[in-house]
Amino acid sequence: MYSAKVMEHFQNPRNVGEIEDADGVGEIGNPVCGDIMKLYIKVKDGRIIEAKFKTFGCGAAIATSSMVTELVKGKTLEEAKKISRNTVAEALDGLPPIKMHCSNLAADALQKAIEDYKNKRNAKDQK
Amino acid sequence: MYSAKVMEHFQNPRNVGEIEDADGVGEIGNPVCGDIMKLYIKVKDGRIIEAKFKTFGCGAAIATSSMVTELVKGKTLEEAKKISRNTVAEALDGLPPIKMHCSNLAADALQKAIEDYKNKRNAKDQK
Amino acid sequence: MRKIYLDHAATTPVRSEVLETMLPYFNEKFGNASSIHGFGRDAKVALEEAREKVAKILDASSSEIFFTGGGTESDNLAIKGTALANRKKGKHVITSKIEHHAILESCKFLEKEGLEVSYLPVDSKGLVDPEDLKKAIRGDTILVSIMYVNNEVGIIQPIEELCKIAKDRGIYFHTDAVQAMGKIAVDVQKLNVDMLAMSGHKIYGPKGVGAIYIRKGVRIIPLSHGGQHERSRRAGTENVPAIIGFAKALELVNKELESQNKHQKNLTKAFYKRLIESIPHMILHGDLNRRIPNTLNLSFKGVEGESVILSLDTKGVAVASGSACTSGTLEPSHVLSAMGIDPAIAQGAIRFSFGRDNTMQDVEYVAGILPEIVQRLRSISPLYAKKE
Amino acid sequence: MRKIYLDHAATTPVRSEVLETMLPYFNEKFGNASSIHGFGRDAKVALEEAREKVAKILDASSSEIFFTGGGTESDNLAIKGTALANRKKGKHVITSKIEHHAILESCKFLEKEGLEVSYLPVDSKGLVDPEDLKKAIRGDTILVSIMYVNNEVGIIQPIEELCKIAKDRGIYFHTDAVQAMGKIAVDVQKLNVDMLAMSGHKIYGPKGVGAIYIRKGVRIIPLSHGGQHERSRRAGTENVPAIIGFAKALELVNKELESQNKHQKNLTKAFYKRLIESIPHMILHGDLNRRIPNTLNLSFKGVEGESVILSLDTKGVAVASGSACTSGTLEPSHVLSAMGIDPAIAQGAIRFSFGRDNTMQDVEYVAGILPEIVQRLRSISPLYAKKE
Ligand SMILES: Cc1ncc(COP(=O)(O)O)c(C=O)c1O
Ligand SMILES: Cc1ncc(COP(=O)(O)O)c(C=O)c1O
């Protein structure tokens, strides 16, 4: 069902955890759908220097979370914005069709985290 | 499907043939139904002294024809009249349900032959 | 006693190669193909491999192959599934008078549900006339179903031509190919059919499994509702061993199509020749040239069919009268009736269907004993005069 | 790697005794049971013996037992066959919210056809309240269908009591006993049900075969039309090897019912005890006392189900989340939802179903590795705080 890469990331997920003083946090999903994902980023000079996650969900949800935190590290915000669901799925050698739709939320969580970072900075700038 | 007795009568039918100067002939059945039976009897002093048949039909049709000619031999007309489909089926250790209805015509043919004999005799008497 | 099986149109033994491929799936790789653990994935992989195998043979996409519980179910799904799913489009269905009961009874069910069905006639050779199909089509015709090969007489219909007539008018075309598989190289693209029904036990595969090709885009509702098996076209835990057996059987029968057709045609021809020489007043049903190579349907004037079957049976030879399915009734075959055969002759029809394990010795043996059997039964029959 | 199968509610391996009884019917006694020659008669005799065996076990008459292609088909036949045959009598059907999809989707089909269906609720323990059934019955109710044992949580419904309510009002009662067979001694006279569905592959028999008890006199139309097989209730060449396997499996599972219930209950109890001691915040779904002895449905707070299955799978252990059939969807189990379970907990439900080949060592092994798995997944989860 899952590619070897998905299984590898599911069994050894990278960057699990929370960032206490995160610059941006993105949360997505709900338990009815089956997956909840929380993604934390730390930004320095327009670059994401750290990303961590916590995920309640199936193998695909955990693996995509792990993969997204790997993909994003060191990227500028502009580059990070281009990371889509497809980018993540491809990096994992594909996902089963049924999982593409519902358990592939990590890219969305990342976008939310970036947005959160921007909102926070705007709020700071206005102070 | 068929009892051993049915098979035995099917393979070695008794009294096959025609009686050229028969006293009574009974014919029954039609090819749409699948069976055609012709039964000949010879009567002496109110007793059936000989019975022969020709049958186009399935195993049950042939076996019941054979059995009826055996059952009837030596019987008085009154006794022969009591031979029914059930009598024949029982004498053959039973017939498959589907065959009871359509391929169990020998008793009917016998009754027709007896009737034919009576009609002929009445016609003779009236002359 | 020597046993000779000449009833391959009724069913075939499972080939040992087929049974062998099935065996591990009964108690080693026995998982439910819907389960996500390893046992389930092993089953799923095998299931999808089987599907691809079948698809490739038919020149279909594997998403167009659906496994069922047999030929009857495939036919029911095709007829009722499309007719009921397209009621808004129309309410008229066309089939032929010589279809298998799986088709005819499905059509009768549709009639009870308020649909209308036209039953095309056949000529004395057993063939549907394409002109009759053209005339029968109405504005509200939604489905045409004509069998590829008839199970009683072995006649092959001009499916490509018939299909074109329906498709040109935007009407779905189904063909019951249960008796065609393994005799004719079937290509759904060349035929251009929308649906095509198959059965495992007619091709040296297991009973209780069949398949149906359903062209992408065909609107159809399932017969069996439940889980999302077979892409929601056929609910029920997949019968993995049987499906694997089906695919293997189809693969083998297709690979050996030419050699087996040659082998079985040789047997059939030799048999027919021997009988013609030794039994007077024998009648062959159906066109001699438009038939599958293994099947002969013969009547022996004055003799009823079951009595021949029983007589051969006591000598270890298995043959059929008409189709096995109709043996529960006493009426003459609906197929032979449609061909205009006299009832007394139709009641005598015997189907001899050869198979891959039959030999020329089998032919010799059966052709050797049959004349005597016919002669004996004729001597009992009131429909056969000695001098004839 | 050691492999431990704890998913017997999804499917079971075919027992070797069962497979052995089936084997001769693949290629020796391979005849079509409708054929009148010796090959056919051998098959027919075996078929009818199987039917009698099943009838005897259920305390039915053999003319009330019909073989089908599986549990799904049996359920479809019961629901659609009776509802459509009795449309003139009424148009209302009652079932429960926790039925198998074979029942629920059949009911949805009926709704599309214009019938009305009431879905009874269950309490938090998974039980249907007889009072709810009484209230749901209308003047035009023609059929009540409540499952005997639920496939996800293993809960046993009070079928005798529910059935009486329906029968007292002259309404047909069907029960899906697919998960009950081999766990509960089923007697159709005692239960007084009109129909009862079974499946082969849940009782160490083959896939692709099931049966249905249909009480004499029940008006029903077939799903599959065609030949007159199964007394015209189910057309299609009889799957003789599978039917023989089904009967043998049912016979064995029934004979060993008590000893196996004891064995499997021991395993389940020991397993549950070990887990309670080692995993905090574990939730058992369904009444502990009204369940079949081999099945536990557990949630581990903060952890999603599939991730547990996958983790166990990498260690060779096969378990399920909810039913295998619903693994194609992402929604939480309709059964747990009906029981009022919070979605986040329902998404974490794991079904452990033990079988006859499991041992106490299996229990030890799985209970040994599970706490670590749960702990790891909880450490990744945003729904589980460390201090809890
Ligand atoms: C032409 C034809 N269609 C359909 C069927 C039904 O197939 P099955 O026996 O697999 O139900 C048969 C065989 O019985 C057949 O010969
Ligand atoms: C309660 C219940 N009913 C019906 C079915 C369907 O049976 P089958 O898998 O034989 O189609 C199952 C199993 O999937 C089941 O657990």
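Quantities reported herein were computed from a predicted structural model and do not represent experimental measurements. Chain naming here is simple, since letters A, B, ... match the order of the sequence lines and numbering starts at 1 in each.
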With a 6.0 Å cut-off (strictly less than), is the heavy-atom count around [atom1] of [X], excluding the residue itself, greater than 12?
X: E8(B); atom1: CD; value: yes
X: K42(B); atom1: NZ; value: yes
X: E372(C); atom1: CD; value: no

Point-to-point distance, once rounded to the nearest 0.5 Å, from [atom1] of [X] to [atom2] of [Y]:
X: I36(B); Y: Q347(C); atom1: CD1; atom2: CD; value: 9.5 Å
X: Q11(B); Y: T314(C); atom1: CD; atom2: OG1; value: 4.5 Å
X: E304(C); Y: T55(B); atom1: CD; atom2: OG1; value: 11.0 Å
X: F56(B); Y: L377(C); atom1: CZ; atom2: CG; value: 10.0 Å

With a 4.5 angstrom heavy-atom cut-off, is it the side chain or the backbone of S311(C) that approaches chain B, or both, or neither? both
Please tell me if the side chains of Y2(B) and L310(C) come closer than 4.5 Å, counting only heavy atoms from C-beta onward. yes
On a heavy-atom basis, which atom in G59(B) and which in E306(C) lie closest, and how many Å separate them? N-OE1, 2.9 Å
